[in-house]
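Right, one structure below, let's go through it.
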Amino acid sequence: MNEVTDALAPIEDGQRAENCFLFGPSGAGKTTVARAAVRELRREVLDVPYAYVNCWRDYTRNAVLERLSRDLVGAAVPRSASTSTLLDRVHRDFNGPGVVILDEVDQLRETELLYDLHEFRGLSWIGIANDEVDLLADLDERVRSRVSVGYRVRFDRYGEDTIAEILERRAREGLGPNAASDEVFETIARLADGDARMGITTLRAAARKASSEGLSNIPRRLVEDSISEAEQEIARKTYSKLNDHQRVVVDVLQEEGPLIQRELHERYSERHDDPVSLRYFRDAHLAKLEHYELVETESRAGKKLYSLSEPASIGRVAQP
DNA sequence: ACTCCACGGGAACGTTTGGGCC
DNA sequence: GGCCCAAACGTTCCCGTGGAGT
């Protein structure tokens with residue numbers, strides 16, 4: 001948090017901030033930190049223009065620029081505005097300094113965008129990704145030397161004690177001072193295995209159970225059940241975000257177990273009334289399912305087996 | 001050597017939509 | 001209002017590479 005704040009500090013003097021790059025496993029709080037740092041900055045310097053872009057959803061240069069045009073300079077633009085139009089608009093109307101959060105920046109297909117950002121006077125960015133990727137690798141040599149990443153911040157999974165602390169504070173604020181014992185928080189933290197979201201969801205499930213039993217605090221014995229309920233809840237939520245193609249894939253894997261890519265595509269094609277080609281299937285659907293950690297792959301003997309990840313199958317079974 | 005498979009680059013096509021232009 | 005063009009985007013088709021089994 002301090003490093004990101006440092007990176008943004010020049011904005012308080014009206015200067016362009018340093019670009020920075022946050023990486024680490026999911027559930028480690030990268031997005032939360034980025035947003036909090038920007039929120040803090042906006043408390044110091046009122047109305048610093050900023051934008052949040054999820055590059056998984058908006059992965060083209062055009063889509064990102066459209067978002068910037070809307071959120072950075074408040075100019076609503078028609079959907080199919082050309083890239084050059086958008087570029088011109090932001091150039092004309094944006095008065096730096098300002099900052100944009102590029103979440104899941106490794107999903108960006110057109111990395112020239114980073115150069116576009118550099119060209120906007122006073123604009124800097126915070127990039128977020130799972131792995132430490134070389135964002136600038138694709139850029140032209142001359143361009144690369146000008147676009148710099150001043151800060152690289154590595155995030156690790158939360159430790160058990162940190163999660164226990166988070167849970168304790170949440171419980172105190174949300175449920176009251178004696179909602180559960182330290183032992184309960186510690187147990188949940190251990191079972192959540194470094195994933196804060198899992199821990200919090202479990203706490204919520206446990207509180208729900210306790211309250212439906214008429215209890216005013218959470219007993220230790222409810223924890224195990226709450227973990228699996230939390231897994232289901234998360235898997236269900238993820239499943240509901242999928243489109244019909246991806247749901248068919250999950251259903252197929254649920255019923256027919258591990259399959260190689262080509263077989264998986266064949267089964268899917270049989271069940272979906274408007275299946276896409278194998279080539280597109282790979283990029284648009286399989287990649288997404290892997291990204292959401294709904295499907296796992298295992299390479300063995302030159303083949304690659306696709307199967308449902310454990311929580312996903314639990315959640316799927318629980319589907320109405 | 002041959003075959004099967006995963007992977008990904010890239011050209012091309014079809015549809016949609018806004019922006020002129022008459 | 002009608003017509004046409006350009007741009008973006010989802011999608012398909014084709015192809016080369018490279019790993020691994022037989």
Side-chain angles (χ1 to χ4, degrees), chain A residues 51 53-93 100 102-117 119-120 129-131 133-141 143 241-250 252-253 256-309:
Chain A
V53 183
N54 188 320
C55 301
W56 179 261
R57 230 169 39 114
D58 296 323
Y59 50 82
T60 64
R61 193 175 166 215
N62 187 271
V64 176
L65 289 170
E66 185 190 327
R67 202 151 275 277
L68 295 189
S69 166
R70 194 170 41 229
D71 296 346
L72 223 45
V73 302
V77 287
R79 203 155 291 132
S80 72
S82 74
T83 302
S84 59
T85 306
L86 292 166
L87 228 34
D88 287 347
R89 174 123 4 149
V90 181
H91 254 299
R92 185 159 42 84
D93 296 344
V100 45
L102 300 171
D103 208 346
E104 316 218 41
V105 67
D106 51 330
Q107 299 300 320
L108 207 53
R109 288 201 200 158
E110 295 157 292
T111 42
E112 314 100 273
L113 176 82
L114 296 176
Y115 183 67
D116 297 334
L117 297 185
E119 291 286 277
F120 298 140
N130 286 329
D131 297 319
V133 282
D134 191 358
L135 284 178
L136 311 178
D138 290 353
L139 292 182
D140 189 278
E141 203 47 64
V143 173
K241 277 193 261 177
L242 303 179
N243 62 32
D244 54 338
H245 297 277
Q246 293 150 8
R247 287 183 193 185
V248 170
V249 175
V250 172
V252 166
L253 286 176
E256 309 197 32
L259 293 170
I260 63 170
Q261 195 178 95
R262 201 173 45 76
E263 283 171 339
L264 176 56
H265 179 256
E266 279 167 15
R267 296 285 115 47
Y268 146 83
S269 300
E270 289 161 10
R271 290 210 207 177
H272 197 282
D273 45 357
D274 191 18
V276 300
S277 69
L278 174 61
R279 178 66 183 86
Y280 190 60
F281 183 67
R282 224 159 33 214
D283 280 352
H285 303 316
L286 284 188
K288 188 153 202 157
L289 290 168
E290 269 193 84
H291 184 82
Y292 283 154
E293 294 177 344
L294 266 174
V295 308
E296 294 171 339
T297 63
E298 182 197 1
S299 293
R300 187 180 339 124
K303 299 189 192 301
K304 190 171 171 186
L305 285 171
Y306 289 78
S307 57
L308 237 43
S309 62

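The figures here come from the full heavy-atom set of this structure, side chains too, leaving out hydrogens, waters and symmetry mates. By convention in this document, chain letters (A, B, ...) are assigned in the order of the sequence lines, proteins followed by strands, and residues within each chain are numbered from 1. Every value quoted in this text rests on a predicted model; they were computed, and no experiment measured them.
Checking C:dC9, B:dA6, B:dC7 against the side-chain heavy atoms of A:Tyr306 singles out B:dC7 as nearest.
One interatomic measurement links the two molecules: CG of A:Leu286 to P of C:dT11, which rounds to 14 Å at whole-angstrom precision. In this structure, A:Glu298 atom CD and C:dA20 atom P are separated by 15 Å, rounded to whole Å. Between the OH atom of A:Tyr59 and the P atom of C:dA8 there is a distance of 14 Å, rounded to whole Å. As rounded to whole Å, 14 Å separates atom P of B:dC4 from atom CD of A:Glu263. One interatomic measurement links the two molecules: CG of A:Leu86 to P of B:dT17, which rounds to 17 Å at whole-angstrom precision. Atoms CZ (A:Arg89) and C1' (B:dG18) sit 12 Å apart, rounded to a whole Å. Atom CZ in A:Arg262 sits roughly 15 Å away from atom C1' in B:dC7 (whole-Å rounding). When rounded to the nearest whole Å, the span between CG of A:Asp283 and P of B:dA6 equals 14 Å.
Side-chain N/O atoms of A:Thr83 include one lying less than 4.0 angstrom from OP1 or OP2 on C:dA8. Taking only side-chain nitrogens and oxygens, A:Gln261 comes nearer than 4.0 Å to OP1 or OP2 of B:dC7. The phosphate of B:dC7 has OP1 or OP2 within less than 4.0 Å of a side-chain N or O from A:Lys304. One finds no side-chain N or O of A:Asn62 lying less than 4.0 angstrom from the OP1 or OP2 phosphate oxygen of C:dA7. A sub-4.0 Å separation between OP1 or OP2 of C:dC9 and a side-chain N or O of A:Thr60 is present.
In this view, A:Asp58 and A:Arg67 satisfy the salt bridge (charged side-chain N to carboxylate O under 4.0 Å, His left out) rule, not counting sequence neighbours. Applying the salt bridge (charged side-chain N to carboxylate O under 4.0 Å, His left out) rule to A:Asp106 yields no partners; only residues at least two apart in sequence or on another chain are considered. The side chain to side chain contact (heavy atoms under 4.5 Å, CB included) check on A:Glu290 picks up A:Val295, A:Thr297, A:Lys304, A:Tyr306, with sequence neighbours excluded. With sequence neighbours left out, A:Arg271 forms a salt bridge (charged side-chain N to carboxylate O under 4.0 Å, His left out) with A:Glu255, A:Glu256. Residues satisfying the salt bridge (charged side-chain N to carboxylate O under 4.0 Å, His left out) criterion with A:Asp93, sequence neighbours excluded, are absent altogether. A:Asp244 pairs by the side chain to side chain contact (heavy atoms under 4.5 Å, CB included) definition with A:His272, not counting sequence neighbours. Taking the side chain to side chain contact (heavy atoms under 4.5 Å, CB included) definition, one finds that A:Tyr59 meets it with A:Arg109, sequence neighbours left out.
Near DNA chain C, defined here as any heavy-atom distance below 4.0 Å, the residues from residues 274-282 of chain A are A:Pro275, A:Val276, A:Ser277, A:Arg279, A:Tyr280, listed numerically.
Contact record, A:Ser82 with A:Asn62: C-ND2, 3.7 Å, taken as the closest heavy-atom pair.
Panel note: side chain A:His285, backbone A:Val276; no donor-acceptor pair is recorded below 3.5 Å.
A rotation axis mapping the C1' atoms of four pairs onto the next four is fitted at both ends of the helix from B:dA1-C:dT22 to B:dC22-C:dG1 over five pairs, and the angle between these axes is 10° to 10 degrees.
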